[in-house]
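For reference, the structure discussed in these notes is given below.
Each ligand, and each atom within it, is numbered from 1 in the order the structure gives. Treat the numbers as computed from the prediction; the structure is a model and nothing was measured.
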Amino acid sequence: MSADEMKKAAAAAALEEVRPGMRLGLGTGSTAAWFVRLLAEKVRDGLDVVGVPTSVATERLARELGITVITLDDVAGLDLTIDGADEFDPELNLIKGGGAALLREKIVAADSRRMIVITDESKAVETLGAFPLPIEVVTFGATATVRAIAEAARSVGLAGALAFRRAPDGEKLVTDQGNWLVDASFRQISDPKALAIALSRIPGVVEHGLFIGLASSVIVAGRSGIRRIDRRTT
Ligand code: 5RP
């Protein structure tokens with residue numbers, strides 16, 4: 001199986017969790033896009049669901065394919081969110097935001113009864129951090145915020161390069177919410193919870209890509225097939 005076939009296989013496995021009438025969170029990225037495409041086939045066959053997209057790109061795709069798009073303000077919570085991830089660890093903590101959509105993704109996941117993450121084996125790590133952690137920051141005072149991020153990281157024993165994410169034209173990438181992203185190369189985040197708390201205290205940080213306690217399950221597609229890991233609740 002190619003990497004793309006694995007992503008499609010994970011998305012197909014997640015589709016089996018979808019039931020008629022569900023209100024879904026629709027993730028962002030190449031794996032989540034497979035889910036949206038497969039979901040659209042079911043919708044064309046008569047499946048009645050609605051979805052809240054986590055990015056402008058996902059909204060465009062969902063609308064093009066005929067999925068009914070709603071907002072979080074239209075409903076009192078979602079049944080299920082399906083999204084990709086950049087890394088996951090054995091506790092099902094995630095790094096997300098490689099596709100620049102972490103803020104909406106986290107709001108949507110937090111308003112869902114369940115979040116199923118769809119990935120391929122390359123995203124499995126023992127310790128988060130090889131993938132640079134995306135941190136969404138307000139543009140006002142962004143340099144001061146970057147200094148504060150470095151200080152917060154030091155307070156939990158971490159250091160590493162902090163770089164503004166760039167768009168293809170070389171300018172700072174602007175997120176769907178009009179903010180910038182700082183990618184933090186911490187390499188080994190041994191205590192993600194402590195880092196998450198430290199980052200959340202910084203006024204200019206809107207959100208960060210550490211998703212802790214949000215994923216209910218991860219569906220991993222590998223060369224030997226599909227495996228599903230459920231979060232331990234005790
Ligand atoms: C977007 C994300 C994506 O879920 C993450 O980057 C994984 O993307 P892909 O499925 O393309 O590997 O967090 O912000």
Side-chain angles (χ1 to χ4, degrees), residues 1-15 24-39 51-62 78 80-89 92-110 112 114-125 128-137 163-168 172-185 189 192 196 199 205-222 226 229:
M1 266 206 280
S2 68
D4 206 44
E5 284 166 340
M6 284 192 258
K7 290 175 185 192
K8 185 179 179 185
L15 193 60
L24 300 170
L26 305 174
T28 294
S30 55
T31 319
W34 269 119
F35 177 78
V36 172
R37 286 188 211 107
L38 296 175
L39 179 69
V52 177
T54 52
S55 62
V56 170
T58 298
E59 176 169 359
R60 195 176 302 129
L61 181 65
L78 301 177
L80 174 64
T81 286
I82 308 285
D83 203 348
D86 300 299
E87 282 186 350
F88 69 94
D89 73 8
L92 306 196
N93 298 316
L94 316 173
I95 285 185
K96 282 187 54 56
L102 71 94
L103 178 55
R104 290 192 192 183
E105 288 172 338
K106 198 179 274 191
I107 293 170
V108 167
S112 294
R114 281 191 303 152
M115 177 194 197
I116 297 182
V117 175
I118 47 178
T119 68
D120 58 82
E121 288 286 359
S122 68
K123 311 288 182 66
V125 296
L128 298 177
F131 190 93
L133 176 68
I135 303 169
E136 186 153 346
V137 301
F164 286 109
R165 180 123 19 126
R166 299 282 163 181
K172 290 189 188 75
L173 184 135
V174 179
T175 68
D176 286 347
Q177 299 306 125
N179 300 308
W180 289 336
L181 285 174
V182 175
D183 288 315
S185 301
I189 303 173
L199 291 174
V205 168
V206 183
E207 244 327 320
H208 53 76
L210 288 168
F211 281 47
I212 295 170
L214 285 171
S216 326
S217 309
V218 177
I219 293 176
V220 195
I226 298 278
I229 312 161

Worksheet item: Do Ile107 and Gln177 have side chains that get closer than 4.5 Å, going by heavy atoms?
Response: no
Item to complete: Looking only at protein heavy atoms, identify the closest one to atom 8 (O) of ligand 1 and say how far it is in Å.
Response: Gly29 CA, 4.0 Å
Discussion item. Is there a polar contact, in the sense of an N or O pair closer than 3.5 Å, between Gly99 and ligand 1?
Written reply: yes
Practice prompt. Would you mind listing which atoms of ligand 1 come within a distance below 4.0 Å of any non-hydrogen atom of Asp86?
Written response: 5 (C), 6 (O), 7 (C), 13 (O)
Practice prompt. State the atoms of ligand 1, each with its element, that fall below the 4.0 Å cut-off from a heavy-atom position in Gly84.
Written response: 4 (O)
Discussion item. Under 3.5 Å between any N/O of Ala32 and any N/O of ligand 1: does that happen in this structure?
Written reply: no
Discussion item. Would the distance check show the side chain of Glu87 and the main-chain N or O of Ala130 forming a donor-acceptor pair, the cut-off being under 3.5 Å?
Written reply: yes
Worksheet, complete the sentence: d(Lys123 NZ, Asp86 CG) to nearest 0.5 Å is 6.0 Å
Worksheet item: By number and element, which atoms of ligand 1 are closer than 4.0 Å to a non-hydrogen atom of Ala85?
Response: 4 (O), 5 (C), 7 (C)
Worksheet item: For atom 1 (C) of ligand 1, which candidate among Lys7, Arg104, Glu105 provides the closest heavy atom?
Response: Glu105
Worksheet item: Do any N or O atoms from the side chain of Thr175 and from the backbone of Trp180 form a donor-acceptor pair under 3.5 angstrom?
Response: no
Item to complete: Taking only heavy atoms of Lys96 into account, list the atoms of ligand 1 that are under 4.0 Å away from them.
Response: 2 (C), 3 (C), 4 (O), 13 (O)
Practice prompt. Kindly write out the residues that satisfy side chain to side chain contact (heavy atoms under 4.5 Å, CB included) with Ala57, not counting sequence neighbours, or none if the list is empty.
Written response: Ser55
Worksheet item: Do Val108 and Asp83 have side-chain heavy atoms sitting under 4.5 Å apart?
Response: no
Worksheet item: Has the side chain of Lys96 got a donor or acceptor atom that lies under 3.5 Å from a matching backbone atom of Gly84?
Response: yes
Discussion item. Rounded to the nearest 0.5 Å, what separates atom CG in Leu210 from atom CD1 in Ile189?
Written reply: 5.0 Å
Worksheet entry | Thr28: numbered ligand 1 atoms lying under 4.0 Å from its heavy atoms | 1 (C), 2 (C), 3 (C), 4 (O)
Response to the item:
atom 9 (P) of ligand 1 sits nearest the protein heavy atom Ser30 OG, 3.4 Å
Practice prompt. Provide, to 0.1 Å, the distance between atom 10 (O) of ligand 1 and the closest protein heavy atom, together with that atom's residue and name.
Written response: Thr31 OG1, 2.5 Å
Worksheet item: Does ligand 1 have a heavy atom under 4.0 Å from the side chain of Asp83, from its backbone, from both, or from neither?
Response: side chain
Practice prompt. For ligand 1, indicate whether the residue Pro134 contacts it via side chain, backbone, both or neither (heavy-atom separation under 4.0 Å).
Written response: neither
Worksheet item: Got a sec, which pairs hit salt bridge (charged side-chain N to carboxylate O under 4.0 Å, His left out) with one end in residues 3-15, sequence neighbours left out?
Response: none
Item to complete: Enumerate the atoms of ligand 1 whose separation from the nearest heavy atom of Gly98 is less than 4.0 angstrom.
Response: 6 (O), 13 (O), 14 (O)
Practice prompt. Please write down residue, atom name and distance for the protein heavy atom closest to atom 12 (O) of ligand 1.
Written response: Lys123 NZ, 2.8 Å
Worksheet entry | Nearest heavy-atom neighbours spanning Thr54 and Thr28 | OG1-OG1, 2.7 Å
Worksheet item: Which of the atoms of ligand 1 are close to Ala100, meaning less than 4.0 Å from one of its heavy atoms?
Response: 14 (O)
